[in-house]
Amino acid sequence: MTTLVLGGTGKTGRRVIDRLTALGRPVRSGSRSSSPAFDWADLDGWPAALQGAESMYVTYYPDLAVPGSQADIRALTELAVESGVRRMVLLSGRGEPEAQACERIVQESGLEWTIVRCAWFMQNFNEGYLLDAVQAGVIALPAGDVAEPFVDADDIADVAVAALTRDGHAGRVYELTGPRLLTFADAAAELSAALGRPVEYVPVKPEEFAAGAAAAGVPAEDIEMLNALFAEVLDGRNAYVVDGVREALGRPARDFAAFAREWARDPRG
């Protein structure tokens with residue numbers, strides 16, 4: 001069963017590819033740099049990317065919460081059915097109405113589906129837009145003091161691969177979080193302890209965050225999306241822990257402290 005991984009160079013996509021490859025499963029990366037290429041903005045290129053795939057792991061760029069995602073997910077699921085795809089795992093976000101609308105499209109598609117609905121990734125601190133801030137020692141975000149149950153991308157990948165390769169996961173919505181709530185100040189303190197150097201969280205206004213991100217070279221559309229996400233989902237709606245990792249895998253989710261210690265041991269990882 002060949003698996004197409006859309007977003008194969010992303011935080012969870014590359015981990016899914018690594019795991020499927022280790023299992024000896026045929027896998028194809030779907031990204032703008034792959035061959036055949038997959039670009040969410042180029043619908044004409046989708047059929048070639050899906051050809052021969054029997055299962056799919058789908059991550060949407062830039063985020064399912066943005067306008068236009070529903071139309072793209074609908075077009076993709078319809079093409080998947082036409083192309084002979086049997087199983088689809090969709091990466092989704094907690095507390096995002098637009099994302100949940102996309103989930104329903106997949107659920108009504110006729111495919112064997114699994115939804116992996118996730119909290120904010122721990123790896124945003126060391127693989128994403130927060131890395132430079134952590135390295136500089138100041139995380140300035142418009143997140144107030146709201147707590148978030150950060151989830152490990154390795155846990156997400158493990159759940160996705162289980163759903164792609166094993167029976168018993170079809171028709172399930174797995175909501176994934178870490179095992180405890182942390183504010184961004186808490187997360188900064190955990191990083192400080194693990195890395196052995198000061199990391200401080202500074203709450204800022206959205207316009208201050210936008211100005212700082214722009215100065216750091218973050219594209220304007222990404223800044224707009226991030227500010228919208230901070231305003232929408234970091235309002236307390238997701239400040240609770242669930243046990244989706246255990247439901248899917250029979251083991252607990254990894255804690256933020258373990259993530260921080262591992263990063264400290266291997267800053268390149």
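Bear in mind the structure is a predicted one, so any value in this text is a computation, not a measurement.
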**Request:** Look at the aromatic rings of Phe38 and Trp46 and report parallel, tilted or perpendicular, splitting at 30° and 60°.
**Result:** parallel

**Request:** Identify which one of Phe256, Phe259, Trp120 satisfies the ring pair (Phe, Tyr, Trp, His ring centres under 6.0 Å) criterion when paired with Phe125.
**Result:** Phe256

**Nearest non-hydrogen partners of Ala37 and Ala49, listed with the distance** = O-CB, 4.0 Å

**Asked** Rounded to the nearest 0.5 Å, what separation is found between the CZ atom of Phe184 and the CG atom of Leu234?
**Response** 5.5 Å

**Prompt:** Any idea which heavy atoms bring Pro149 and Val241 closest together, and the distance?
**Reply:** CB-CG2, 4.0 Å

**Prompt:** So, Thr3 side chain and Ser55 main chain: donor-acceptor pair closer than 3.5 Å or not?
**Reply:** no

**Leu23 side chain reached by Val161 side chain, heavy atoms, under 4.5 Å** = yes

**Side-chain (Ser69) to main-chain (Ala65) donor-acceptor, under 3.5 angstrom** = no

**Heavy-atom pair with the smallest gap, counting every atom of Thr59 and Gly7** = OG1-CA, 3.4 Å

**Message:** Can you list everything that forms a salt bridge (Lys or Arg N to Asp or Glu O under 4.0 Å) with Glu108? Sequence neighbours excluded, please.
**Reply:** none

**Request:** Return yes if some donor-acceptor pair links the side-chain N/O of Arg19 with the main-chain N/O of Arg15 below 3.5 Å, else return no.
**Result:** yes

**Heavy-atom side-chain contact between Glu232 and Pro97 under 4.5 Å** = yes

**Any Pro203 side-chain heavy atom under 4.5 Å of Asp145 side chain** = no

**Prompt:** So, Tyr240 side chain and Leu181 main chain: donor-acceptor pair closer than 3.5 Å or not?
**Reply:** no

**Item:** Euclidean distance, Tyr201 OH relative to Leu191 CG, rounded to 0.5 Å
**Value:** 13.5 Å

**Request:** Take Leu164 and Val16 through the side-chain contact (heavy atoms from CB on, under 4.5 Å) test and state the conclusion after the steps.
**Result:** CA-CA 10 Å; Leu164 288 165; Val16 169; 4.1 Å; yes

**Item:** Ion pair Arg261/Asp255, N-O distance below 4.0 Å
**Value:** no

**Message:** Just verifying a value: how many Å separate Trp113 CH2 and Arg86 CZ, rounded to the nearest 0.5 Å?
**Reply:** 15.5 Å

**Prompt:** Got a second to check how far Cys102's SG is from Ile73's CD1, nearest 0.5 Å?
**Reply:** 5.0 Å

**Asked** So do Phe209 and Leu226 actually touch side chain to side chain, heavy atoms under 4.5 Å?
**Response** yes

**Message:** If we check side-chain hydrogen bond (donor to acceptor under 3.5 Å, both in side chains) with Gln100, which of these qualifies: Arg104, Glu103, Glu98, Glu96?
**Reply:** Glu103

**Approximate separation, where rounding is to 0.5 Å, of Thr114 OG1 and Arg166 CZ** = 12.0 Å

**Message:** Can you confirm whether more than 12 heavy atoms, excluding those of Asp243, are under 6.0 Å from its CG atom?
**Reply:** yes

**Prompt:** Is any side-chain heavy atom of Glu148 less than 4.5 Å from a side-chain heavy atom of Val146?
**Reply:** no

**Prompt:** With no hydrogens and no angle check, is any side-chain donor or acceptor of Arg237 less than 3.5 Å from a backbone partner on Arg94?
**Reply:** no

**Request:** Might you point out which heavy atoms bring Leu4 and Ser29 nearest each other, and give the distance in Å?
**Result:** CD1-C, 4.2 Å

**Prompt:** With a 4.5 Å limit on heavy-atom distance, are the side chains of Leu195 and Val134 in contact?
**Reply:** yes

**Message:** Surrounding CZ of Arg32 (heavy atoms of other residues, nucleotides or ligands, distance under 6.0 Å), is the total greater than 12?
**Reply:** no

**Message:** Are Tyr57 and Ile17 packed together at the side-chain level, in the sense that at least one heavy-atom pair is separated by less than 4.5 angstrom?
**Reply:** no

**Request:** Before giving the answer on side-chain contact (heavy atoms from CB on, under 4.5 Å), spell out for Lys11 and Ile156 the whole-Å C-alpha distance, their side-chain angles and the decisive distance to 0.1 Å.
**Result:** CA-CA 10 Å; Lys11 295 182 187 68; Ile156 299 170; over 6 Å; no

**Asked** Can you hop from Val242 to Met122 via hydrophobic side chains spaced under 4.5 Å?
**Response** no

**Asked** Quick one: does Ser31's side chain have a donor or acceptor within less than 3.5 Å of a partner on Thr9's backbone?
**Response** no

**Request:** List the atom of Ser34, the atom of Pro36, and the distance in Å for their closest heavy-atom pair.
**Result:** OG-O, 3.0 Å

**Message:** Just to verify, what does Val218 make a side-chain contact (heavy atoms from CB on, under 4.5 Å) with, not counting sequence neighbours?
**Reply:** Ala213, Asp222, Ile223

**Request:** Taking the side chain as every heavy atom from C-beta outward, state whether Glu175 and Val173 have any pair of such atoms under 4.5 Å apart.
**Result:** no

**Asked** Between Leu249 and Ala162, what is the shortest heavy-atom contact and its length?
**Response** CD2-CB, 3.9 Å

**Request:** Could you tell me whether the side chain of Thr12 and the main chain of Ala157 form a donor-acceptor pair under 3.5 Å?
**Result:** no

**Request:** Pick out which of Asp158, Asp154, Asp155 makes a salt bridge (charged side-chain N to carboxylate O under 4.0 Å, His left out) with Arg254.
**Result:** Asp154

**Exam field: side chain Arg25 to backbone Met1, donor-acceptor pair closer than 3.5 Å** = no

**Asked** Taking atom CD of Glu208 and atom CG of Asn227, what is their separation to the nearest 0.5 Å?
**Response** 11.0 Å

**Prompt:** Are Leu76 and Val5 joined in one hydrophobic group, where the rule is that I, L, V, M, F, W and Y side chains link up if heavy atoms are under 4.5 Å apart?
**Reply:** no

**Asked** Between the side chains of Thr183 and Asp186, is a donor N or O closer than 3.5 angstrom to an acceptor N or O?
**Response** yes

**Prompt:** When hydrophobic residues are tied together by side-chain contacts of less than 4.5 Å, even through go-betweens, does Val151 share a cluster with Val89?
**Reply:** yes

**Message:** Quick check: is Phe150 connected to Leu131 through a chain of hydrophobic side chains (ILVMFWY, heavy atoms under 4.5 Å apart)?
**Reply:** yes

**Request:** Following the transitive rule for hydrophobic clusters with a side-chain heavy-atom cut-off under 4.5 Å over Ile, Leu, Val, Met, Phe, Trp and Tyr, establish whether Tyr61 and Leu91 coincide in one cluster.
**Result:** no

**Sequence neighbours excluded, every pair satisfying salt bridge (Lys or Arg N to Asp or Glu O under 4.0 Å) that has a member inside residues 54-73** = none

